[in-house]
Every structure is written in structure tokens, then in C-alpha cells.
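Bear in mind that the values here come from a model prediction, so they are computed numbers and not experimental data. To find a chain, count down the sequence lines: A is the first, B the second, and so on, and within it residues start at 1.
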Amino acid sequence: MSNPPAPARDSVLQRRLSLSDMLDVPAFAEVVKGFVELYRIGIKVFDDKGTKLADIKIGNGDFCGYVFSFPDGRSSCTGWVGRVKDGPIAPVHGARLPVLDDEPAPKGLVAAPCFTGLRYLILPIMWEGDTLGRIIFGPFLPDDMRGFPSSLTEISKNFDISKAQILVEKIRRAPESTVAKVMLHFAQLFDTLLSAGQKMFLTSQMHIEATLETNRDLEERNQRLEGMNTRLKELDRLKSAFLATVSHELRTPLTSIIGYSEMLAEGLAGPMNQEQVDYVRTIMEKGETLLKLISSILDISQIEAGKVRLSFEAYDVKDLLQSSASSVRPQAQKKGVDIEVKLPAHIERAVGDKERLRQVLVNLLANAVKFTPKGGKITASLSFSDKQPELKSAGYRIVIEDSGVGIPPDQFDKIFQSFYQVDSSSTREFGGAGLGLAIVKSFVEGHGGQVQVSSTVGQGSRFTIVLPQQPTGPVAHIAPPVQTPPEDRF
Amino acid sequence: MPSVQLNHAQRELTVKIVYYGPGLSGKTTNLQMIHQRTQPEVRGRLLTVETHDDRTLFFDLLPVFFSTQNGFKVKVKLFTVPGQVIHNATRRIVLQGADAVAFIADSRRSASPENNNYWKNLLENMRENGLEATHVPVVIQYNKRDLPDTRTDAEIEETKKRGKEPVIGAIAIRGEGVLETLHAVLQSAYRSIDSRAHLAKNIGLTEKEFLTQVFANIDTKGTALEKDFPPKKAAEARP
Ligand SMILES: Nc1nc2c(ncn2[C@@H]2O[C@H](COP(=O)(O)OP(=O)(O)O)[C@@H](O)[C@H]2O)c(=O)[nH]1
Ligand SMILES: [Mg+2]
């Protein structure tokens, strides 16, 4: 399963920044205002789309207003303002290179003489090789201006030169080269503002993007984990279902094998010599072993599939322990191991799943026989208490103690896991698939009880089962080992 | 597939190079050296963007730009990524749309585990960004060759054999190997873009012009590039 590539998220790093990205426009306007007041020359700043970022005028209002009051003045003025704002920043269309008189000036500057005789200087805003806008200084009164040009005086026969003369004096008079020098200062300041602004803009954008990206990443991981979890659960369920089916399918023919062997051994199909009888009995015994193993697998797979339901009824604990011990006694005698059952005089009846509990006791006793050498001893003792410390309620305690090989303490937890053997050699020596104790634990806990183990290696083991007299709830359910998280509530 | 930033309407090509690698391997130093040796007319400021909380870097950016003979504007953007483990999201964002990567490794033996971690991280982040390692060429720089624990030339030769990436030794603080690395990574970037966007055919920009336009404005004195891209003054002095 391959993940589709992440969607193309366009980072701020991939796009061209505009002046308004990089400038705090109101704060910038304040800076411009201060500059204008200091140098007494108007400043306008536009971005490359023609959007105005600052426009501070000084001194020219009355004069320009007067010119604007004549229809021809108005149209010439509008045309010229358009030229300065949107026209090429190059010595064309009425603009020319500035006269600098060896004064320092910024690169790319052009001079734009207005039809009134006033003048503008236009500077492109260059940033990382791009023109991001323009800075316009003016209008100012060039110090070389001697009288108004005819392009102004001829806008109307009513044009009053002496009035215009008075008004124009409110505009700063300066040499072009001086204004160019001031503009150089402004350009340097502007450049500093831009780089600080760019840094701030990118920092905050990257903070946002990095946070979003981290979130996206986490969500994706979560999804992947959830998908994996679902698959694992599904696999686990399939495994259990498979085992259950296979176990059933194996049991049927196996029962026939055992049955027919038994009939042969009994001589039902005619007499056999001793050797033949021995062979057939071996087939029978091995068949029984196999059948037990298959039953255990079936139990475990049903427990793991969450399918086991215990059915509770009243039963006699003393009887149960007695009869369980009797069922393993033949094996024990064959091995030369003694089993002693210690029972109290009187005991209350208990409630539980009798057959499942019988399986628990037989498993533990058979295990004890299996791991106890010839001449060893097994004790199974039963007691009752109104308050079992582990349960904080009334219950039974069954202790099965052997004088067998023992279990190292670091294995105490593991022996209760499915298919676990203390060491793999013990499987070969003692047989079994390591399922018995897993089943014991599941059944006991299904009753609300507990299993404990203690042991001294070389001296023996002791398994303790504590069972409540009365399990809580009429039917217990054994949870499958893979826990399903609870459903979302909201 | 990296997004080739070829904008025909604006007659503009943007080439993105990312300097990747563990923290403190010398990525920023590489950019500082390039910045120092590049004429101010063709480059922007070296921008360093830091996080608010500490001195850890988000990234550095150095733009270099020129116009081709055909009047196409070319912008080369050199980025570094932050090395700190926690900034993986930033690394991934910076890596988006990269045309080539310069992997700056610390050549000290003790730095091998870090180099390996970041190499894996690079491949993983490329995949996450939908960049295929086969399409985004990588150049390896073995930096800090001046330090005592550095690998020998023979060992570096060994590294070369283990992959197809060009491997260049460097002492970035002295500027050694920095321009050579830049040259190699720009060349790989050009070839990779050209194979998809056919720069020579479509905008008349050959590999030679691309590299010459960049290195004509960089002081190559004392580097392996001096012969192919003589420093400006020397070039002008020629008859
Ligand atoms: N000795 C030595 N130190 C270097 C070299 N290159 C970079 N450094 C130092 O390594 C440190 C980290 O470098 P820097 O470029 O900030 O690493 P970055 O985290 O990859 O950006 C700085 O102190 C540099 O001066 C080199 O070639 N040799
Ligand atoms: Mg750095």
C-alpha cells in the first residue's frame, strides 16, 4: 500500500512577496509622513499593481488646486499624474535621466518634468531582481526654473500668473540633485524596512505553516496506525476463526481413529497377538493426546475470539476437586507420583461454570504430574474464607503444590500466555503446546477470580486459585486478549 | 515531481536549491561564503529567519538573479533547512519544490550516525513531498575537512562508490569547496529541469549560459572554477 503524495501545499516560500506583505502599511505611512515633514517634499509609494501604499502631500495643494480649476489644467494634470504613477520608469514619454551634478543618487532614478514647470523624481523599488513598485518624490520647484512655461500659462486666457507665482512659492524649491540625494536616503531606509518586514512576514508565516504541517503529519500517522490496528484485529479474528474450524475438522476423524483402535484392542474385530495389541494401544494413547491438544487449541481460539460464555450453576467444590484429582490419578500412579487432596470438614456450595472449573483443576493437576519426577508428591488443598484478601469477598482457595522441577521467577507472567513454554526443550520432554495455563487463567478470571504462582527451582511449584463464592453477574464473558478501544461517544 | 517554476507569461525561471543536513554541519556557512563572494547587484540580502523562542533557525535564504541573453529573468534561490530534530515540519516545507539538494555532511567520523539520520530524513521528506529522489538530484559536500577526526581522501572515495551523487570535500569556513559545491548542485539542477522543461529549446538558455551568468558575478579566485569562470576584473583585463 503506497501513500499518495502529499497534496501540493503552496508555501509562502514558493510565492513572490508583494510590498504589502512585507510592510506594515499604517506604520510605514507614519514613517513617510515624518520624512515629508522633514524634507518638505511630497512622497507617494505604489506597488506594481498601482495600489497606493503611502501618499503624503506638502505645499502644493493651493497651486495645484488653482491649476486644476481650469478645464485644460485639469486634463493636463490628470494625464501627467497617470504618466508618473503608471508609465514606464525610464527616460521615455516625457521623462528623462536626472541631472545629478555628481551628487550620489539611487539606481534607476528618472526625472519627470510636469507641464506646470514643477518636477517629480521616480524611483523603481527593486527587490531580489524584481520591480515591486515605485517611489515618487514631488512635486518640487526646480531651482533652475525661471518663470512658468507656456504649457501652463496657455491653459486659459484667465490664468493669473502673479497669483500662481504666490501659490507656487509654498512648494519647496530645490535642485534636482538635492532631491535625488534625499531620495537615496529614503531608498536606503525603505530597503531596511523591507528586509525587516520580509523577515517578520516569513517568520510568522512559517510558524503557521510549520504548525499546520506538524498537525497534518500527526493526523496522517494516526490514520495509518488506526488502519494497522484494524487490520491486526481482523487478522486476529481470522486466526481464531481458522483455528476453531480446523480444530473441529480434526476432531471428528480423530475420534473415529481412537474409537476404532479401541475396538481393535478390545478384540471386537477378532483376536490379535500381544504385539498387535500393544501397537494399537499406542495408536489410541497418542490419539488421545492429540485430541486433548486439539481441544486446548479450540478453547484458546474461542477465548481469543471472545466467544466463550460461562454458564453458572450451583456446584459442590469438594466434589469437583475430588473428581478432578481422580481423573489424573491413573497418570500419577503410572509415574510413581502421589496425589493428596486436603478438604475442610464442611463447605458452602458455590456458583460457577462447573465444567470449565473442572478443566482448570485437571489442567493444573495434570501439569503438576507432568513436571514432578518419580517419587514426588502433589498436594491439592481447599479452604474457604468469608473474606479472601485478593477478592475482598467470600471465596474459595485451592492450592496445588508439587515437588517438581519448578519455574524461574522471571517466567511467572509468561507461562500464562498462549503457546508459551518455560524453555522450548520442555515441550519435547514433557509434551503439550503451552496452552493449558492460558486457558486456566482465562477461565478463572472469567469467574472474577485470580491465579497466582510461586516456585523454587528444583524444589517445586505452587499454583493458587482464588474463586469468589458467587461470581458477579449471571453470565461471565472472557474478554479477547486484543482490547478493542471504546467507541467514540460524541 | 518538482514544480519547475517556469513562468512564460512573466518570462521568468525560478530555480530552488536546498542545503540540507544535520545541525551545525555548515549549511549557513556555505551561504555566507557565497553571499560574500557574489556581487551585490545580482544577489539579495542573506536572510536568516529564526524562531521566536530560541536561536534555532527556521531557514536561511539567499537569492541570486540574472537575465539571460534572451531577456528571461532567472532567480536562483538558495535555502538552508534547520538541523534540529524538532523542526522536521519546517524542513519539509523548505524542501517543497526543490530542484536540487546540496547535502552538507560533517566529515568527522564521529558525525556518521547524524549524517545517516539526516540522509534518511531527507529521503523520507522527499517522498512525503512527492519528490522522487530520481528527479531531484543531490550533491554531497563533506565539510569540515580541517578538523582532526575527518575522514581521509580514500574514505571519501569509498563514499562516492556507494552512490551516484557527486561528493565534494570542503572547509566551508575558509570557503574551500563551497563554490565547487554550488557549481555541482546548479549543474545538476539545470540538467534536471532541462530534461523536463527543455530550457535550451524553449527559452534558449543553455547549461553553459546558465552557469556562466551565475559564476560571472561570483569571485572564483582561488577555487577550482577560476579557469572556467575567471573573476570579473581578470576577464575584463583580457585583450
Ligand atoms: N572547523 C570548521 N568549522 C566549520 C566549518 N564549516 C562551518 N564550521 C563551523 O560550524 C559551526 C556551524 O556552522 P553553521 O554553518 O552554522 O551550521 P548549520 O547549522 O549547518 O547552518 C559554526 O561554528 C561554523 O563556523 C569548517 O569547514 N570547519
Ligand atoms: Mg544554519
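- Remark: A:R231 CZ is loosely packed, at most 12 non-hydrogen atoms of other residues, nucleotides or ligands lying under 6.0 Å away.
- Separating the CG atom in B:L95 from the OG atom in A:S11 is a distance of 11.5 Å, to the nearest 0.5 Å.
- Side chain of B:K75 to backbone of A:E128: no donor-acceptor contact under 3.5 angstrom is found.
- Residue contact with chain A, scored on non-hydrogen atoms closer than 4.5 Å, involves the side chain of B:F79 exclusively.
- More than 12 heavy atoms of other residues, nucleotides or ligands sit less than 6.0 Å from atom NZ of B:K73.
- In this structure, A:Q188 places its CD atom where more than 12 heavy-atom neighbours from other residues, nucleotides or ligands lie under 6.0 Å away.
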Take A:Q14 and B:T14 through the side-chain contact (heavy atoms from CB on, under 4.5 Å) test and state the conclusion after the steps.
-> CA-CA 9 Å; A:Q14 243 83 306; B:T14 307; over 6 Å; no

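- When the shell of 6.0 Å around CD of B:Q69 is examined, it contains 12 or fewer heavy atoms from other residues, nucleotides or ligands.
- Between A:E209 and B:T90 the shortest side-chain heavy-atom distance does not fall below 4.5 Å.
- Look at B:E128 and A:R216 and you find a salt bridge, because one of the NZ, NE, NH1 or NH2 atoms lies within 4.0 Å of a carboxylate O, short of that distance.
- In this structure, A:K199 contributes its side chain and B:L47 its backbone to no donor-acceptor pair below 3.5 Å.
- Smallest separation of non-hydrogen atoms from A:A210 and B:A89: O-CB, 3.5 Å.
- Ion pairing between a basic and an acidic side chain is recognised when a charged N comes within 4.0 Å of a carboxylate O; A:E213 and B:R92 show such pairing.
- For the atom pair CD (B:Q10) and CG (A:D130), the distance works out to 8.0 Å, reported to the nearest 0.5 Å.
- Of the atoms belonging to B:V64, not a single heavy atom falls under 4.5 Å from chain A.
- Atom CD1 of A:I208 sits about 10.5 Å away from atom CD1 of B:I93, to the nearest 0.5 Å.
- Nearest heavy-atom pair across A:L13 and B:F59 is CD2-CZ, 3.4 Å.
- Contact of the B:R45 side chain with the A:Q198 side chain is not registered, since no non-hydrogen atoms from C-beta on lie closer than 4.5 Å.
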Could you walk me through whether A:R16 and B:E12 pass the side-chain contact (heavy atoms from CB on, under 4.5 Å) test, one step at a time? CA-CA 12 Å; A:R16 187 167 124 170; B:E12 202 174 280; 4.1 Å; yes

